[in-house]
A.B. asks: 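Here it is: the structure, laid out below.
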Amino acid sequence: MQFQNTLAFAQKMDAEDELRKYRNEFHFPKMNGKEVIYFTGNSLGLQPKTSQKYIDEVMNDWKELAVEGHFHADKPWWDYHERLAAPLAKVVGANIEEVSVMNTLSVNLHLLMVSFYRPTTTRFKILCEEKAFPSDQYMLQSQVRFHGLDPNEAIIEIKKKEGENYWRTEEVLNKIEEIGDELALVLIGGVNYYNGQVFDMKTITKAGKSVGAFVGWDLAHAVGNVALRLHDWEVDFAAWCSYKYMNSGPGNASGIFVNKKYLGKDDIPRFEGWWGTKKETRFLMEPKFEPLDNADAWQISNPPVLSLAPYLASLQLFEDVGMKALIRKRDKIVAYLEYILNEIDKQVESSFEIITPIDRGCQLSVFLHGQGRPLFEYLMKNGVIADWREPNVIRLAPAPFYCSYEDMYRFGQILKDGILTKRA
Ligand SMILES: *Cc1c(COP(=O)(O)O)cnc(C)c1O
């Protein structure tokens with residue numbers, strides 16, 4: 001499609017957008033009386049207008065039913081989390097029984113590593129990407145130390161090639177080959193938070209498993225953003241947070257995926273609690289743990305219902321729209337943003353470059369030459385909410401659920417004014 005950098009063209013794209021009605025399903029912050037241009041759906045998704053209703057429902061049940069709400073609320077609390085599994089399974093490409101919701105992301109990755117990082121004297125290495133999200137680095141280091149090992153020996157990072165901004169799949173595969181039967185675990189962010197790169201999860205999973213390692217994915221920036229087929233790819237485990245592209249609310253609960261082949265087993269190492277044991281016998285308060293035959297076996301505590309309520313609200317929207325349509329619009333709106341950026345770059349003469357590779361989801365990371373921070377602050381003052389990463393990168397994620405083509409056009413105009421103002 002031939003794009004144009006005009007308001008009329010952007011509005012025409014919006015008029016033809018099959019998802020245009022969803023913009024009105026979200027609350028937009030306002031600045032100077034105008035809705036902001038929101039590029040940080042990769043950090044905290046906007047609030048769906050229905051989420052308040054879901055929370056109020058729980059609050060009301062608590063008010064009117066108190067403890068009876070566990071079993072007699074309209075949506076009983078004791079199995080509230082089960083309502084999230086089916087819509088989530090569609091989003092991540094899993095069987096329903098492979099998905100559960102509990103805790104928060106870093107906590108869940110630790111819990112999953114209890115099951116899937118079990119180093120021996122010969123097989124103890126973990127493969128991850130260099131400069132992984134800090135929490136992931138801390139997780140891996142502390143897991144390794146917990147097992148009495150040295151992070152410098154046990155953690156192997158995949159490097160980018162000198163002068164390149166992205167990881168090559170062949171580098172990952174070469175490393176897997178090289179580490180071979182010393183490799184215990186591959187754990188990588190499926191979509192990198194910094195450059196927006198989508199890893200070839202299918203190929204990497206296959207390679208990791210072929211040398212006998214477990215393969216897990218941190219899907220914080222992937223879920224609700226890119227096509228996932230966790231079951232078909234034979235991924236061992238995965239976890240994601242829900243407050244980024246999933247729009248569930250700040251710090252909200254995390255989803256997990258555990259491959260079917262590990263379900264219903266009572267001999268797998270796992271930290272256990274009462275919500276992971278069979279429902280039929282749970283309230284007999286017997287000492288014996290009998291794991292549920294789905295991923296809920298990893299549930300330790302009773303579900304945080306007030307958090308799950310807005311997550312469920314958001315999942316209804318995902319049910320309604322479906323990942324296919326979201327991805328269709330994502331590709332188009334990201335391409336339009338890229339076009340706008342390149343047009344502005346031409347007009348102001350090369351002042352930035354896009355460092356996101358072509359294997360991308362919703363995010364474009366833009367490396368600014370020169371202006372940097374002052375330009376970012378100009379954008380923020382002028383109604384653009386974006387995200388700054390040191391040393392000189394602005395991350396732009398036009399979430400297809402609620403961002404418009406007109407937003408992209410208007411952003412281009414503000415960016416251009418900003419560059420020219422800061423230069424003057
Ligand atoms: C956002 C993000 C996290 C956040 O973890 P929490 O436990 O939810 O605070 C972890 N890892 C990655 C890769 C992320 O992008």
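Numbering of ligands and ligand atoms starts at 1, following listing order.
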A.B. asks: Is there any protein N/O under 3.5 Å from an N/O of ligand 1, and what does the full list of such pairs look like?
C.D. replies:
residue, atom, partner, partner atom, Å
ligand 1, 5 (O), Ser106, OG, 3.4
ligand 1, 7 (O), Ser106, N, 2.8
ligand 1, 7 (O), Ser106, OG, 2.7
ligand 1, 8 (O), Tyr243, OH, 2.5
ligand 1, 11 (N), Asp136, OD1, 2.8
ligand 1, 11 (N), Asp218, OD2, 2.9
ligand 1, 15 (O), His221, NE2, 3.2
ligand 1, 15 (O), Lys244, NZ, 2.5

A.B. asks: Flag the pair Tyr262 / Phe116 as yes when their ring centroid distance falls below 6.0 Å, and as no otherwise.
C.D. replies: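 So the answer is yes for these two rings.
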A.B. asks: Sorted by first residue and then second, give each side chain to side chain donor-acceptor pair (under 3.5 Å) pair with at least one member in residues 128-139; sequence neighbours left out.
C.D. replies: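 Qualifying pairs: Ser106-Ser135.
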A.B. asks: Can you tell which of Lys332, Arg23, Lys329 makes a salt bridge (Lys or Arg N to Asp or Glu O under 4.0 Å) with Asp17?
C.D. replies: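 Only one of Lys332, Arg23, Lys329 forms a salt bridge (Lys or Arg N to Asp or Glu O under 4.0 Å) with Asp17, namely Lys329.
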A.B. asks: So, applying side-chain hydrogen bond (donor to acceptor under 3.5 Å, both in side chains) with Asn42, which one of Gln363, His221, Lys244 is it?
C.D. replies: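 So, applying the side-chain hydrogen bond (donor to acceptor under 3.5 Å, both in side chains) to Asn42 and each of Gln363, His221, Lys244, only Gln363 qualifies.
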A.B. asks: State yes or no: are the ring centers of Phe411 and Phe39 separated by less than 6.0 Å?
C.D. replies: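 Yes, close enough.
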A.B. asks: With rounding to the nearest 0.5 Å, note down the distance linking CD1 in Ile158 to CD1 in Ile156.
C.D. replies: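 One gets 10.0 Å once the value is rounded to the nearest 0.5 Å.
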